[in-house]
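Note sheet for the following structure.
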Amino acid sequence: MPQDAIDPGQEVVITNPNHRMYNEWGEYAGLADTVPGLKPRHRISFDGDIFLANREDFKLV
């Protein structure tokens, strides 16, 4: 899914059991693509705290 298809503020849930926020619901906060050398990751907000996730780590709700 292209990044532009995910609206900031859209609800997501972490589905990767290896992610520290597994089964938590949060809000999409945009793409974190400003770190050179890292694969672009997505910013997810959980009660104001931002965590990074790969696109395969979460699903839209």
Side-chain angles (χ1 to χ4, degrees):
M1 169 183 291
Q3 186 273 334
D4 59 328
I6 307 173
D7 294 323
Q10 190 167 355
E11 283 190 275
V12 301
V13 63
I14 301 294
T15 56
N16 179 353
N18 296 319
H19 194 281
R20 67 190 265 185
M21 299 303 287
Y22 177 61
N23 272 341
E24 295 291 329
W25 290 53
E27 291 184 356
Y28 185 75
L31 190 61
D33 58 357
T34 59
V35 181
L38 288 181
K39 174 182 171 184
R41 298 188 27 195
H42 300 267
R43 297 177 301 162
I44 311 294
S45 173
F46 300 94
D47 295 324
D49 293 327
I50 299 290
F51 289 85
L52 296 177
N54 295 317
R55 180 60 188 98
E56 55 273 3
D57 290 340
F58 65 93
K59 70 175 184 178
L60 304 173
V61 284

Task: Phe58 and His42 aromatic ring geometry - parallel, tilted or perpendicular at 30°/60° bounds - done: perpendicular

Task: Residue list, side chain to side chain contact (heavy atoms under 4.5 Å, CB included) with Asn54, at least two apart or on another chain - done: Lys39, Arg41, Glu56, Asp57

Open item on the list: Within the 4.5 Å heavy-atom criterion, are Phe51 and Ile14 side-chain neighbours or not?
Closed with: no

- [ ] Would you give the length of the straight line joining atom CD of Glu24 to atom CG of Asp49, rounded to the nearest 0.5 angstrom?
- [x] 11.5 Å

Task: Verdict with supporting geometry, Leu52 and Arg43, side chain to side chain contact (heavy atoms under 4.5 Å, CB included) - done: CA-CA 5 Å; Leu52 296 177; Arg43 297 177 301 162; 3.7 Å; yes

- [ ] Considering only Ile, Leu, Val, Met, Phe, Trp and Tyr, and joining two whenever side-chain heavy atoms are under 4.5 Å apart, list the other residues clustered with Trp25.
- [x] Val13, Val61

TODO: Please report the shortest heavy-atom distance between Ile44 and Ala53, naming the atom on each side.
DONE: CG1-CB, 4.2 Å

TODO: Return the set of residues passing side chain to side chain contact (heavy atoms under 4.5 Å, CB included) with Gln10 (not counting sequence neighbours), or none when no residue passes.
DONE: Ile6, Asp7, Leu60

